[in-house]
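Here is the structure we will look at.
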2 protein chains.
Amino acid sequence: MQSRSPAASRPGRPRSAAADTAILAATRAALVELGWSKLTLGDVATRAGVAKTTLYRRWSGKNELVVDAVAELFDELRLPDRGSLAADIEGVVLQFAAILARPEARSGLMAVVAESTRDDALRERIRESIVERQKRLVVEGRARAQARGELPPETDPADAARTADLIFDVVAGAVVHRTLVSAEPADEEWVRSFTRVLLLGLGSLGGAA
Amino acid sequence: MQSRSPAASRPGRPRSAAADTAILAATRAALVELGWSKLTLGDVATRAGVAKTTLYRRWSGKNELVVDAVAELFDELRLPDRGSLAADIEGVVLQFAAILARPEARSGLMAVVAESTRDDALRERIRESIVERQKRLVVEGRARAQARGELPPETDPADAARTADLIFDVVAGAVVHRTLVSAEPADEEWVRSFTRVLLLGLGSLGGAA
DNA sequence: AGCTTTCGCTACGAGTCGTAGCGTAATGGC
DNA sequence: GCCATTACGCTACGACTCGTAGCGAAAGCT
């Protein structure tokens with residue numbers, strides 16, 4: 001989870017793996033009940049049944065802890081092949097929306113992103129453990145669509161990377177904004193409309209329902 | 001700014017308007033130097049040259065203060081008529097990106113949005129003073145495009161509102177995600193590609209540059 | 001004038017932070 | 001089996017921020 005140094009067969013008492021999972025679960029529970037700002041590390045330690053010092057030995061602070069706790073929520077993201085680009089997009093967006101609908105994600109994700117604007121190491125940690133995994137789904141879905149002939153093949157690899165970044169920002173940004181700023185559910189109806197705009201553009205809306 | 005009660009000709013010493021602007025400016029300066037988490041109201045009061053108690057008489061806490069301080073940044077958003085829907089979108093998105101590039105917006109905006117996930121009153125304050133103003137630009141730009149014949153006219157008013165919400169989430173979400181999560185500049189090249197996707201859909205990318 | 005509200009200032013209890021120090025528990029090496 | 005090494009639980013601590021109370025002085029209205 002934290003990609004620490006080797007840690008392979010080091011002398012001395014090993015760190016409890018159960019403590020790690022208990023702490024991360026306790027962090028999510030505290031996020032649900034208290035939210036980001038009222039979450040204290042002392043409280044998390046109590047919930048997890050560990051000493052506060054143990055927590056500080058493994059995480060340098062609240063930011064890093066919450067990143068790891070929230071990152072686990074995104075482990076379940078999958079991209080099953082549903083046969084068409086539109087169906088693939090709708091499927092993964094609905095998964096993403098379901099995760100963002102959970103209170104521990106809502107409270108924690110935006111807060112650590114906000115903190116990351118002033119902390120490069122934190123931003124890199126978020127990128128590694130959360131963002132990059134999502135972006136891989138975009139690349140994979142795009143490749144599938146190109147194999148099906150639904151999208152034009154990419155000419156320049158640099159162009160392809162820029163396009164993947166653009167698609168990712170549009171998809172993730174729209175769902176996040178809908179869920180956290182507008183505070184409306186990204187339900188099936190919304191996802192269908194969004195997918196239509198993404199594939200066909202604004203002009204495709206408004207004509208026939 | 002805070003839309004207080006009438007306040008018209010009330011007996012007693014009136015509140016200093018200069019203090020308001022000094023406090024909001026000091027808040028933005030503190031956001032730039034310290035970021036959200038290390039910003040303290042005592043520090044803001046000192047920077048503004050007012051007593052801490054004065055600050056608490058006007059704002060109930062850090063969240064509300066930062067919302068008002070950040071909201072002023074969005075006052076400059078305009079939607080000049082550039083002749084075409086594409087040009088209008090590019091113009092307003094570049095303005096929006098320029099605001100989000102400022103450190104006081106980056107640090108403050110996401111933080112208060114994160115807090116608003118657990119505070120309905122705060123969310124409403126954000127909606128009134130920040131989000132609604134942005135959304136009006138979408139509605140206006142869409143109406144212009146329909147008058148030009150670039151977009152199909154809306155049939156059902158409820159449908160029209162849903163569509164405006166969708167467009168807003170896509171546009172604002174994409175720019176915010178690009179700027180704050182991906183941490184890459186939303187420069188002219190990116191905005192051009194984004195506008196193309198928004199108007200024509202994903203298929204329009206990759207063919208010719 | 002007199003009344004009312006705001007302002008700056010000081011002080012306060014409550015709560016959190018992150019760390020230090022200690023004795024104990026759990027490993028691996030010999 | 002013994003020892004070095006590391007992790008753990010616990011307590012205590014100074015430093016800091018929070019939000020509020022109380023006071024006298026200032027600034028407006030009638």
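Each chain gets a letter, A, B and so on, in the order its sequence line appears, and its residues count up from 1. All of these numbers come straight from a predicted model, not from anything done at the bench.
In this structure, A:Leu41 atom CG and C:dG15 atom C1' are separated by 14 Å, rounded to whole Å. Summarising the geometry, the separation between CG on A:Asp43 and P on C:dG18 is reported as 15 Å, rounded to the nearest angstrom. Distance CD1 (A:Ile23) to C1' (D:dG9): 13 Å, rounded to an integer number of Å. One atom, CH2 of A:Trp59, and another, P of D:dA7, lie 14 Å apart when rounded to the nearest Å. Taking atom CG of A:Leu55 as the reference point, atom C1' of C:dG18 lies 12 Å away to the nearest angstrom. Between the CG atom of A:Leu65 and the P atom of C:dC17 there is a distance of 11 Å, rounded to whole Å. Atoms CG (B:Leu34) and P (D:dT17) sit 10 Å apart, rounded to a whole Å. The distance between atom OH of A:Tyr56 and atom P of C:dG21, rounded to the nearest whole Å, is 18 Å.
Ranked by how close their nearest DNA chain D nucleotide is to the 5' end, B:Ser60 and B:Gly12 are led by B:Ser60.
A side-chain contact (heavy atoms from CB on, under 4.5 Å) with B:Trp59 holds for exactly one of B:Leu24, B:Val66, B:Thr27, B:Val44; it is B:Leu24. Between A:Asp88 and the options A:Arg82, A:Arg142, A:Arg148, a salt bridge (charged side-chain N to carboxylate O under 4.0 Å, His left out) holds for only A:Arg148.
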Each nucleotide N or O in nucleotides 7-14 of chain C that has a protein N or O under 3.5 Å away: list the pair and distance.
residue : atom : partner : partner atom : Å
C:dC7   : OP1  : B:Ser16 : N            : 3.2
C:dC7   : OP1  : B:Arg58 : NH2          : 2.0
C:dC7   : OP2  : B:Arg58 : NH2          : 3.4
C:dG8   : OP2  : B:Ala51 : N            : 3.2
C:dG8   : OP2  : B:Thr54 : OG1          : 2.8
C:dG8   : O6   : B:Arg57 : NH2          : 3.3
C:dC9   : N4   : B:Thr53 : OG1          : 2.9

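Crowding of B:Glu188 atom CD: a count of heavy atoms from other residues, nucleotides or ligands under 6.0 Å not exceeding 12.
No donor-acceptor contact under 3.5 angstrom links the side chains of B:Glu154 and B:Thr163, judged on distance only.
The line from CG of B:Leu41 to CG of B:Leu39 is 7.0 Å long, rounded to the nearest 0.5 Å. Interatomic distance, B:Thr21 OG1 to B:Glu72 CD, rounded to the nearest 0.5 Å: 8.0 Å.
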